[in-house]
Amino acid sequence: MAGSDDLRTIRTAIQHHFAATHPGQDQLAQQIALVATELAGNALRHGLPPVTVKLLRDQDCYVLQVNDRDPDRAPHRASRQHHRGGGRGLRIVDTLAEQLCWHPTVDGKSVWASFPVPKDGTGPVTESV
C-alpha cells in the first residue's frame with residue numbers, strides 16, 4: 001500500500017473475496033473490510049511504509065494482519081473524550097473484532113485482528129487474500 005487511495009481497493013477486494021468464496025457472509029465481510037481500512041489507515045498515518053495487508057483463515061478464525069516498518073510506534077487507543085477528527089479507529093476495531101493485538105517484527109510491527117469463522121462457514125481450511 002502506498003496511500004489512502006489503496007484503502008478503497010482493500011475494502012473492495014475483501015468484499016469481492018467473500019462474495020466469491022463465502023456467499024452469505026456479507027456482514028462478516030463488511031466488518032473485516034472496515035477493520036482492514038481502519039488498521040491500514042492507521043499504518044499509513046502513523047507507521048512507516050511499506051504497509052501490507054493480509055487476510056488469513058484457518059478452521060476457527062480469520063486473521064487480518066497489517067504490517068508497517070515502524071517498530072517504535074505502538075498502536076494507541078485515543079481517550080473516549082477525544083473530539084478531534086480521528087482517533088476512534090482502534091475503538092471501532094475493538095467493537096468488531098474478537099481480538100486486537102500487535103507485536104514487533106524484525107523489520108517493523110504487525111497489528112492483527114481476529115474474527116471467528118461462522119459455524120456454518122464453508123470453503124477451504126486455509127486461505128489468504
Side-chain angles (χ1 to χ4, degrees):
M1 284 187 52
S4 59
D5 290 341
D6 293 329
L7 296 176
R8 181 177 294 122
T9 302
I10 289 170
R11 191 175 203 152
T12 301
I14 290 171
Q15 290 173 334
H16 285 157
H17 171 75
F18 271 84
T21 61
H22 306 295
Q25 294 185 8
D26 297 340
Q27 182 177 356
L28 179 61
Q30 290 173 6
Q31 290 175 335
I32 292 174
L34 176 56
V35 169
T37 56
E38 290 294 338
L39 294 181
N42 283 350
L44 288 169
R45 278 186 293 283
H46 307 295
L48 296 173
V51 173
T52 60
V53 177
K54 292 181 183 178
L55 178 61
L56 308 168
R57 178 182 179 226
D58 68 13
Q59 192 170 344
D60 299 317
C61 71
Y62 291 95
V63 175
L64 177 71
Q65 181 181 30
V66 178
N67 294 343
D68 72 69
R69 297 277 181 153
D70 188 355
D72 298 322
R73 194 151 186 192
H76 171 68
R77 289 170 181 82
S79 70
R80 292 198 187 275
Q81 289 78 32
H82 195 279
H83 294 290
R84 291 183 290 161
R88 293 180 292 274
L90 292 180
R91 295 208 180 277
I92 291 169
V93 174
D94 281 336
T95 300
L96 297 176
E98 185 173 61
Q99 295 177 312
L100 171 62
C101 299
W102 79 279
H103 60 89
T105 63
V106 172
D107 58 356
K109 72 175 166 292
S110 179
V111 180
W112 59 269
S114 67
F115 305 83
V117 171
K119 295 298 180 202
D120 62 347
T122 60
V125 173
T126 303
E127 62 188 49
S128 176
V129 175

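- Within the 4.5 Å cutoff, side-chain heavy atoms of Trp112 are placed close to those of His103.
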Exercise. Passes side-chain contact (heavy atoms from CB on, under 4.5 Å), Val117 versus Arg57? Steps please.
Worked result: CA-CA 8 Å; Val117 171; Arg57 178 182 179 226; 3.3 Å; yes
List the atom pairs, donor and acceptor, that lie under 3.5 Å between side-chain atoms in residues 3-11 and the rest of the protein, sequence neighbours left out.
| from | atom 1 | to | atom 2 | distance (Å) |
| --- | --- | --- | --- | --- |
| Asp6 | OD2 | Ala2 | N | 2.7 |
| Asp6 | OD2 | Gly3 | N | 3.4 |

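- Side-chain atoms of Leu55 and Phe18, non-hydrogen and from C-beta on, do get closer than 4.5 Å to each other.
- Taking both residues in full, the closest heavy atoms of Cys61 and Val63 are given as SG-CG2, 3.8 Å, listed atom of the first, atom of the second, then distance.
- We find the CD-CG distance between Gln30 and Leu96 to be 10.5 Å, quoted to the nearest 0.5 Å.
- Going from atom CG of Asp107 over to atom CG of Leu48 covers 11.0 Å, rounded to the nearest 0.5 Å.
- Nearest heavy-atom pair across Val93 and Ala113 is CG1-CB, 4.2 Å.
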For this session: I would like to know whether Gln31 and Leu34 meet side-chain contact (heavy atoms from CB on, under 4.5 Å); could you show each step before the answer?
Result: CA-CA 5 Å; Gln31 290 175 335; Leu34 176 56; 5.9 Å; no
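- In this structure, the side chains of Asp68 and Leu44 stay at 4.5 Å or more apart for every pair of heavy atoms.
- Heavy-atom neighbours of His16 NE2 from other residues, nucleotides or ligands within 6.0 Å: at or below the threshold of 12.
- Side chains of Pro50 and Arg69 form a contact here, defined as non-hydrogen atoms less than 4.5 Å apart.
- Partner Glu38 forms a side-chain contact (heavy atoms from CB on, under 4.5 Å) with one of Leu90, Ile92, Leu64 and no other, that one being Ile92.
- A pairwise comparison of heavy atoms in Ala40 and Val66 identifies CA-CG1, 4.0 Å as the closest pair.
- Between the OG atom in Ser110 and the CH2 atom in Trp102 there is a gap of 10.0 Å [rounded to 0.5 Å].
- Contact of the Pro75 side chain with the Asn42 side chain is not registered, since no non-hydrogen atoms from C-beta on lie closer than 4.5 Å.
- Inter-residue side-chain proximity for Leu39 and Val53 is flagged as unmet; no heavy-atom pair is nearer than 4.5 Å.
- Checking side-chain atoms of Lys109 against main-chain N and O of Arg73 turns up a donor-acceptor pair under 3.5 Å.
- Tyr62 approaches Pro118 most closely through the heavy-atom pair CE1-CD, 4.5 Å.
- Relative ring orientation between His22 and His17 is described as perpendicular, the plane-to-plane angle rising above 60° on a 0-90° scale split at 30° and 60°.
- If you take CE on Met1 and OG1 on Thr52, they are separated by 9.5 Å, rounding to the nearest 0.5 Å.
- Listed here is the closest heavy atom pair of Gln65 and Asn67: CG-OD1, 3.6 Å.
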